[in-house]
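Along the sequence shown, residues are numbered consecutively beginning with 1. Atoms considered below: every heavy atom in the structure, side chains included; atoms not considered: hydrogens, waters and symmetry mates.
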Amino acid sequence: DRLAKEIERALGISFTGAQFHAEIEEPARPDVRVGKTFDSQIDLLWVLIPMSVFRSLAFRHFRKLPHVAWLILATGFLQFSQMLFPVIWGFFTEIQFGWQARDIGLSLGLVGVTSAVVQGGLIRVFLRRLGPARTAVLAMCTGASTLLLYAFATQGWMVYGILLLGALNGMAPPAINAIASSRVDKSSQGELQGAVASVNAMATILSPIVMTQTLFYFSRAGAPIHFPGAPFIVAATATALALVPFLVGVRAIAPTPSAA
């Protein structure tokens, strides 16, 4: 504007400044189409490799740990369900509650704080009072219940109460790991942790694909039922299913009366 005035005063030529006006229309529903699942996780391309290549290696690995294999499988189900949060939490809360980046960040911050409290001290209280097996069962039951609450939550403020209760679900993997470690000799501890890491890696590969596509299917225009909470139903089912191999495994490794 200043330059235009100087030119007009010196040369008598008037310039009309260009006027720009931009209108940004908020979408009625965020576009959560997931067409490039592997953009940020190159290692997920391992899913394209036929698992038959690793079959003999995997079977040989788990045959060495037959008495804790059921417990390892339970941790895989739990990992599958817990991958839900880093994968779709932001999309889900934006669709269901209209949250913005600030709200999403605050909720994830609360998750970090509650996880630190549970993992840092509260789990010791439960392990001392209930023992690893009962602590794991309590954590999985609480986890499945809170996942169902997320699925049917209708107001954003409900999430914060559910987060506080759902933090107890974080006690399940350490409790299961404590049981498995106590049933494996010192020379096999590394193999145990390797087996757990292998199962968790498979769950980490499969969960993002299942969860994102489930969210897309039930959130897209023309969906048979508009239900953004559907992935939480899947995660709750996986958590409940984890109870089955866990209870089978605990029963299998329990000392017999004669051994006691």
Side-chain angles (χ1 to χ4, degrees), residues 29-41 43-44 46-47 51 70-97 99 104 107-108 111 115 136-156 158-159 161-163 165-173 176 196 198-248:
R29 186 178 298 114
D31 187 353
V32 295
R33 287 175 294 180
V34 182
K36 298 181 179 179
T37 305
F38 306 110
D39 273 358
S40 60
Q41 297 290 338
D43 56 322
L44 293 183
W46 281 100
V47 76
M51 294 311 298
W70 288 108
L71 302 181
I72 297 171
L73 181 60
T75 63
F77 277 111
L78 292 174
Q79 178 69 10
F80 179 88
S81 66
Q82 289 304 304
M83 280 298 297
L84 167 85
F85 290 96
V87 170
I88 68 157
W89 182 253
F91 293 122
F92 166 73
T93 52
E94 187 176 359
I95 295 169
Q96 185 73 349
F97 311 121
W99 279 10
I104 297 171
S107 65
L108 292 176
V111 170
S115 297
V137 171
L138 173 64
M140 285 185 276
C141 290
T142 303
S145 301
T146 52
L147 287 167
L148 289 176
L149 291 176
Y150 283 125
F152 295 101
T154 57
Q155 299 295 327
M158 299 177 179
V159 169
I162 301 172
L163 280 174
L165 182 61
L168 296 178
N169 188 39
M171 299 189 300
I176 296 174
V196 172
S198 299
V199 172
N200 285 347
M202 287 301 302
T204 302
I205 290 171
L206 295 175
S207 183
I209 299 173
V210 174
M211 298 304 181
T212 53
Q213 296 306 312
T214 302
L215 178 64
F216 165 64
Y217 183 79
F218 286 98
S219 301
R220 63 188 172 91
I225 301 175
H226 181 71
F227 184 42
F232 289 89
I233 299 295
V234 176
T237 303
T239 303
L241 287 175
L243 278 167
V244 177
F246 173 75
L247 294 175
V248 171

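- Shown here are the ring pair (Phe, Tyr, Trp, His ring centres under 6.0 Å) partners of Y217, two or more places apart in sequence or in another chain: there are none.
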Test log, rule side-chain contact (heavy atoms from CB on, under 4.5 Å), inputs I72 and S198: CA-CA 10 Å; I72 297 171; S198 299; over 6 Å; no
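- Rounded to the nearest 0.5 Å, atoms CG (N169) and OG (S145) are 10.0 Å apart.
- Remark: the backbone N or O of G90 is paired with a side-chain donor or acceptor of T93 at under 3.5 angstrom.
- Here the CG-OG1 distance, from N200 to T75, works out to 5.0 Å after rounding to the nearest 0.5 Å.
- Side-chain contact between F227 and I233: present, with at least one pair of heavy atoms (C-beta onward) separated by less than 4.5 Å.
- The minimum heavy-atom distance between I176 and A136, with the atom names listed, is CG1-CB, 4.0 Å.
- Checking side-chain atoms of Q96 against main-chain N and O of A153 turns up a donor-acceptor pair under 3.5 Å.
- Taken from OG in S115 to CG in L108, the straight-line distance is 10.5 Å, to the nearest 0.5 Å.
- The structure places CG of L149 at 5.0 Å from CD1 of I162, a figure rounded to the nearest 0.5 Å.
- In terms of heavy atoms, W99 sits closest to G156 at CZ2-O, 3.4 Å.
- Minimum interatomic distance between A151 and G229 (heavy atoms only, all atoms of both residues): CB-O, 3.4 Å.
- At least one donor-acceptor pair closer than 3.5 Å links the side chain of T212 to the backbone N or O of P208.
- Listed here is the closest heavy atom pair of L241 and P245: O-CD, 2.8 Å.
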side-chain contact (heavy atoms from CB on, under 4.5 Å) assessment of V199 paired with Q79: CA-CA 9 Å; V199 172; Q79 178 69 10; over 6 Å; no
Which pairs would a plain distance check flag for residues 80-89, meaning a side-chain donor or acceptor within less than 3.5 Å of a matching protein atom at least two apart in sequence or in another chain?
unit_1 : atom_1 : unit_2 : atom_2 : d
S81    : OG     : L78    : O      : 2.8
S81    : OG     : T239   : OG1    : 3.1
W89    : NE1    : S107   : OG     : 2.9

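- For A240 against A144, the heavy-atom pair with the smallest separation is N-CB, 4.4 Å.
- Heavy-atom minimum distance, C141 versus L243: SG-CD1, 4.1 Å.
- Not counting sequence neighbours, the partners of F92 by the ring pair (Phe, Tyr, Trp, His ring centres under 6.0 Å) test are F97, F232.
- Once rounded to the nearest 0.5 Å, the distance linking CG of L247 with CE of M140 reads 6.5 Å.
- With rounding to the nearest 0.5 angstrom, the CG atom of L215 is 12.0 Å from the CZ atom of R220.
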